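Everything on this sheet refers to the single structure shown next.
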Amino acid sequence: MHSAIVTPDGSRIRWAELPGTEPTRVYLHGLGASSPPYYAGAVAHPALAGHRSLLMDLLGFGISDRPAHAAYTLDMHADLLAHALDQAAVQDADVIAHSAGGAVAVLLAARHPRLVRRLVLVDPALDAVETLPTTKRPGSSGIGVYHTEQEFLDHGWDETIAFVGPEWAATMRLAGREALYRTAMSLLRGTTPGVREELARLAVPRTLLYPAADGPRSDADRLAAAGVVTVAVPDCGHNVMVDNPARFALAVAAALAGGNDTASNACTMRA
């Protein structure tokens, strides 16, 4: 285990690190998740093995510290992650990021461009919502229905852990309660400029992986116009790297090699 102090009070971001060749690969988890258990199977696949790989947990999540006083905005996550990467002597990294971590990765690349050479976003959260949800929906955390933090702390935490099911709860229960709520609300309310706007401005190669089961993306034309390559990965849901680690590994390896046509083909190969 490795760590870096990222706040004045001494709070640490921690990560599991695999040695190997450069460029470094940085893996980021989604809301209420943790990178080591989510990515371990995929990173061990021959298509991805052999590179220096940092499976990082954002502040407030997984094995990282959980200070209750932190703001836990998306911008804060990006800046503290940059601080940790600087201490880990990382620059020009390939960043592979899932869901909420995808939003953080986009902001990392926008705010700290020296750190990112390529982005692979895995079913990322790109858009804010106009109004907070009033009901929970399958596949979501449901945290947005709690319109105050105190409401979430009073009873929403227990309800959320029960709602998300045993698999997601396995890592969500490691998160700081304040970190979980504030990060979720930052995702819902968005940033200025927005994550999608920042993604469109980036000059680095960008690939977006998504579950083929979702069907054609409604934003495919917008992403293509911004130079973002989209790749549908079969036989998986939102947690692509967990549901189908072999095909996820092939698709990521192809995206990082710069072969966009290859990436489209790799995800349909037999594992």
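Keep in mind the model is a prediction, meaning the values are calculated, not measured.
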Residue pair [X] / [Y], side-chain heavy-atom distance below 4.5 Å:
X      : Y      : value
Asp75  : Thr191 : yes
Leu180 : Leu31  : yes
Ser53  : Arg25  : yes
Arg52  : Leu18  : no
Val145 : Phe163 : no
Val195 : Asp127 : no
Val122 : Tyr27  : no
Pro124 : Tyr210 : no

Pair Leu55-Val43, side chain to side chain contact (heavy atoms under 4.5 Å, CB included): steps then yes or no: CA-CA 9 Å; Leu55 283 61; Val43 173; 4.3 Å; yes

Tell me whether [X] contacts the main-chain N or O of [Y] through its side chain, where contact means a donor paired with an acceptor under 3.5 Å.
X      : Y      : answer
Arg182 : Ala70  : yes
Asp94  : Leu119 : no
Arg201 : Arg196 : no
Ser35  : Met56  : yes
Thr73  : Ser186 : no
His45  : Ala47  : yes
Ser64  : Gly60  : no
Arg206 : Leu199 : yes
Arg118 : Leu256 : yes

Would a hydrophobic clustering, with Ile, Leu, Val, Met, Phe, Trp and Tyr connected at side-chain separations under 4.5 Å, put [X] with [Y]?
X      : Y     : value
Ile63  : Leu85 : no
Leu174 : Leu59 : no
Ile5   : Tyr72 : no

Salt bridge between Asp86 and Arg114, side-chain N to carboxylate O under 4.0 Å?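 Salt bridge between Asp86 and Arg114, a charged N being under 4.0 Å from a carboxylate O: yes.
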
At their closest point, which heavy atom of [X] faces which heavy atom of [Y], and how far apart are they?
X      : Y      : answer
Cys236 : Ala213 : O-CB, 4.1 Å
Val164 : Ser140 : CG1-O, 4.4 Å
Ala103 : Ala125 : CB-O, 3.4 Å
Thr160 : Ser141 : CG2-O, 3.5 Å
Pro113 : Ala110 : CD-O, 3.9 Å
Ala175 : Phe61  : CB-CD2, 3.6 Å

Cation-pi, Phe152 ring and Arg177 (6.0 angstrom, 45 degrees):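 The answer is no, since Arg177 fails at least one limit relative to Phe152.
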
Walk me through it: do Asp79 and Arg111 pass the test salt bridge (charged side-chain N to carboxylate O under 4.0 Å, His left out)? CA-CA 8 Å; Asp79 291 343; Arg111 296 165 72 90; 2.7 Å; yes

Between Val231 and Val229, is a side chain to side chain contact (heavy atoms under 4.5 Å, CB included) present by the stated rule, with each step listed? CA-CA 7 Å; Val231 177; Val229 176; 4.2 Å; yes

Side chains of [Y] and [X]: any donor to acceptor distance under 3.5 Å?
X      : Y      : answer
His147 : Glu151 : no
Asp57  : Ser34  : yes
Thr183 : His77  : yes
Thr7   : Asp9   : yes

Check against salt bridge (charged side-chain N to carboxylate O under 4.0 Å, His left out), Arg12 and Asp65: CA-CA 5 Å; Arg12 291 177 179 268; Asp65 287 340; 5.6 Å; no

State the [atom1]-[atom2] distance between [X] and [Y], to the nearest 0.5 angstrom.
X      : Y      : atom1 : atom2 : answer
Thr171 : Tyr38  : OG1   : OH    : 4.0 Å
Glu149 : Asp154 : CD    : CG    : 10.5 Å
Leu28  : Ile96  : CG    : CD1   : 8.5 Å
Arg222 : Leu126 : CZ    : CG    : 9.0 Å
His51  : Glu22  : NE2   : CD    : 9.0 Å
His238 : Ser99  : NE2   : OG    : 3.0 Å

My understanding is that only one of Asp221, Asp219, Asp214 makes a side chain to side chain donor-acceptor pair (under 3.5 Å) with Arg217; could you say which?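 One option only clears the test, and that one is Asp219.
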
Using ring centroids (six-membered ring only for Trp), state whether Tyr39 and His29 fall under 6.0 Å.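 Centroid distance His29-Tyr39: not below 6.0 Å, so no.
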
Does Gln91 CD have over 12 foreign heavy atoms under 6.0 Å away?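 Check fails, neighbour count at 12 or below.
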
For Leu209 and Asp123, run side chain to side chain contact (heavy atoms under 4.5 Å, CB included): C-alpha distance rounded to whole Å, both residues' side-chain angles, the deciding distance at 0.1 Å, then the answer. CA-CA 6 Å; Leu209 310 182; Asp123 213 14; over 6 Å; no

For a side chain to side chain contact (heavy atoms under 4.5 Å, CB included) check, start with the C-alpha distance between His98 and Met241, then their side-chain angles and the critical distance, and finish with the verdict. CA-CA 9 Å; His98 178 234; Met241 72 294 293; 3.5 Å; yes

